[in-house]
Amino acid sequence: MTFRKSLQRLPSDSPVVRDGEAIVREARARVARHVAEPSRRAFLTRTLSLGGLALLSGCSLDDNAGVASALDGISRWNDRVQAALFRQDVLAPTFSESQITRPFPFNAFYGMDEAPVIDEADYRLELSGLIAERAPWRLDAIREFARVRTAEQITRHVCVEGWSAIGRWGGVTFGDFLRRIGADTTARYVGFKCADDYYTSIDMPTALHPQTLLALTYDGRTLPREYGFPMKLRIPTKLGYKNPKHIRAIFVTNTYPGGYWEDQGYNWFGGS
Ligand SMILES: Nc1nc2c(c(=O)[nH]1)N[C@H]1C(S)=C(S)[C@@H](COP(=O)(O)O)O[C@H]1N2
Ligand SMILES: [Mo]
């Protein structure tokens, strides 16, 4: 798999860069990534402008590792604040059919032609970790489970790369699926491994939010290949990169699992 996109990070193990301006530019970019959405931006302009800059001024400007670790500290603190503010009874806005964005934008860390091709006859959803019933699921069994308890939503997907779009996803409420497989819902994290080597993880309260959907359809038909076939997690309370497509494995754990973009500096909680 070729990497078409990756974040420009100053390697902390490289010879120290003495260009203070470049470090400040990098710091601003990192902060911008953490404050990409409006409510967090409003929140952070009140706090980060004073506290965050005070934190940064403790770092010498020729010390990339110091600046990076201060910003990672802000991001971890931001995770805790978002987790504390998160409420399962606060719903993301929903929209009408006429507001759906057509065509829906595609995004991945590669081009659309490289989206994985998955043979549904061979497909098995793997389950591991703190789950009582870990037998893999065939796609038809998941479809049957979703058919008897169908959930649907028209919600907005917000990507930190600067676009948002409204779409309609159908499937089963993820909390119903987690309870069906006997997941330990007191555990901290649910992790996802995808067929294209993407991976991410979410906090358990978000996994159990009533709008978090294990989605099998898009706009009333089978989820198209490039939009995540055979299934994706649709989380309208989180940014786009927290919505894994082409899920092939789900695990429940108390050990922080990280994520593809999160491990490169994106904020882990990633709420919107
Ligand atoms: N498997 C996989 N899931 C992924 C990604 C990816 O590259 N691979 N990209 C994420 C990002 S950054 C976005 S914005 C959305 C894009 O979903 P879409 O193609 O349905 O618009 O998928 C998310 N989930
Ligand atoms: Mo994204």
message = Asp184: which residues meet the salt bridge (Lys or Arg N to Asp or Glu O under 4.0 Å) condition with it, sequence neighbours left out?
response = none

message = Determine whether Arg248 and Leu125 satisfy the following criterion, side-chain contact (heavy atoms from CB on, under 4.5 Å), listing intermediate values before the conclusion.
response = CA-CA 5 Å; Arg248 61 171 183 79; Leu125 176 66; 5.8 Å; no

message = Do Val190 and Met204 make a side-chain contact, defined as non-hydrogen atoms from C-beta onward lying under 4.5 Å apart?
response = yes

query = Can you check whether Ala92's main-chain N or O pairs, donor with acceptor, with Gln211's side chain at less than 3.5 Å?
reply = yes

message = Using modelled atom types and a 3.5 Å cut-off, is there a donor and acceptor pairing between side-chain atoms of Asn78 and backbone atoms of Ile74?
response = no

remark   = Here the pair of heavy atoms bringing Ala165 nearest to Thr101 is CA-OG1, 3.5 Å

request  = State, yes or no, whether a side-chain contact exists between Arg149 and Thr173 at a heavy-atom distance under 4.5 Å.
outcome  = no

request  = Go through the side-chain N and O atoms of Asn107 and Glu161 and say whether any donor and acceptor fall under 3.5 Å apart.
outcome  = yes

ask   = OG1/Thr200 to NZ/Lys238 distance, rounded to the nearest 0.5 angstrom?
value = 8.5 Å

message = Which Ile, Leu, Val, Met, Phe, Trp or Tyr residues join Val117 in one cluster when any pair of side-chain heavy atoms under 4.5 Å counts as a link?
response = none

request  = With sequence neighbours left out, write down each residue that passes salt bridge (Lys or Arg N to Asp or Glu O under 4.0 Å) with Lys245, or none if nothing qualifies.
outcome  = none

message = For the residue pair Asp197 / Tyr260, report whether a side-chain donor-acceptor contact shorter than 3.5 Å exists.
response = no

inquiry  = If you apply the rule side-chain contact (heavy atoms from CB on, under 4.5 Å), what do you find for Ile181 with Leu127, and how did you get there?
reply    = CA-CA 9 Å; Ile181 60 178; Leu127 302 174; 3.8 Å; yes

inquiry  = Using a 3.5 Å distance criterion without hydrogens, assess whether the side chain of His209 forms a donor-acceptor pair with backbone atoms of Val90.
reply    = yes

Close side-chain approach of Thr212 to Arg234, heavy-atom, < 4.5 Å = no

message = Which label fits Phe106 and Tyr110: parallel for a plane angle under 30°, tilted from 30 to 60°, or perpendicular past 60°?
response = tilted

message = Just by distance, no angles: are the side chains of Gln82 and Asp203 close enough, under 3.5 Å, to form a donor-acceptor pair?
response = no

task = With side-chain contact (heavy atoms from CB on, under 4.5 Å) as the test, would you mind laying out the steps for Thr222 and Thr217 before giving the verdict?
result = CA-CA 4 Å; Thr222 304; Thr217 67; 5.7 Å; no

ask   = According to the interplanar angle, ranging from 0 to 90°, do the rings of Trp268 and Tyr256 count as parallel (below 30°), tilted (30 to 60°) or perpendicular (above 60°)?
value = perpendicular

ask   = Is the number of heavy atoms from other residues, nucleotides or ligands under 6.0 Å of Arg225 CZ greater than 12?
value = yes

query = For Phe192 and Tyr199, what are the C-alpha separation, side-chain angles and deciding distance, and is it a side-chain contact (heavy atoms from CB on, under 4.5 Å)?
reply = CA-CA 6 Å; Phe192 302 88; Tyr199 62 103; over 6 Å; no

Backbone of Trp261 reached by a side-chain donor or acceptor of Gln264 within 3.5 Å = no

task = Quick one: do Trp137 and Tyr123 satisfy ring pair (Phe, Tyr, Trp, His ring centres under 6.0 Å)? Show the steps, please.
result = CA-CA 8 Å; Trp137 284 57; Tyr123 178 83; over 10 Å; no

Any Glu152 side-chain heavy atom under 4.5 Å of Trp169 side chain = no

query = Going by heavy atoms in the side chains, are Thr155 and Pro93 under 4.5 Å from each other?
reply = no

request  = For Asn254 and Ala187, indicate whether the former's side chain and the latter's backbone hold a donor-acceptor pair under 3.5 Å.
outcome  = no

inquiry  = Under the salt bridge (Lys or Arg N to Asp or Glu O under 4.0 Å) definition, can you give me all pairs with a residue in residues 103-112, not counting sequence neighbours?
reply    = none

ask   = Nearest heavy-atom pair of Cys194 and Pro244: which atoms, and what distance?
value = SG-CB, 3.7 Å

message = Any non-hydrogen side-chain atom of Leu208 less than 4.5 Å from a side-chain atom of Thr185?
response = yes

request  = Could you tell me which residues satisfy side chain to side chain donor-acceptor pair (under 3.5 Å) with Thr255, sequence neighbours excluded, listed by chain and number?
outcome  = none

query = Between the main-chain N or O of Tyr241 and the side-chain N or O of Tyr198, is there a donor-acceptor pair closer than 3.5 Å?
reply = yes

query = Checking Asn243 side chain against Leu239 main chain: does a donor-acceptor pair fall under 3.5 Å?
reply = yes

Distance under 6.0 Å and angle within 45° of ring axis: Lys232 vs Tyr227 = no

ask   = Once you round to the nearest 0.5 Å, how far does CZ of Arg168 lie from CZ of Phe95?
value = 15.5 Å

inquiry  = Whether the side chain of His246 engages the backbone of Phe229 through a donor-acceptor N/O pair (distance < 3.5 Å, no angle test) should be reported.
reply    = yes

Tyr189 side chain near Ile202 side chain, heavy-atom distance below 4.5 Å = no

Worked verdict on Arg143 versus Glu120 for salt bridge (Lys or Arg N to Asp or Glu O under 4.0 Å) = CA-CA 12 Å; Arg143 285 188 181 135; Glu120 88 168 66; 2.8 Å; yes

query = For Gly170, does its backbone N or O pair with a side-chain atom of Gln153 as donor and acceptor, under 3.5 Å?
reply = no

inquiry  = Could you check whether any side-chain N or O of Arg134 sits under 3.5 Å from a backbone N or O of Ile131, counting only pairs where one atom can act as donor and the other as acceptor?
reply    = yes

ask   = Do Lys242 and Glu262 meet the salt-bridge criterion of a basic N to acidic O distance under 4.0 Å?
value = yes

ask   = Shortest non-hydrogen contact from Phe174 to Ala207?
value = CD2-O, 3.6 Å

query = Does a side-chain heavy-atom distance below 4.5 Å link Ile247 with Lys193?
reply = no

ask   = Between Leu91 and Pro210, which heavy-atom pair has the shortest distance, and what is it?
value = CD2-CG, 3.9 Å

task = Quick one: list whatever passes salt bridge (Lys or Arg N to Asp or Glu O under 4.0 Å) with Asp79, sequence neighbours left out.
result = none

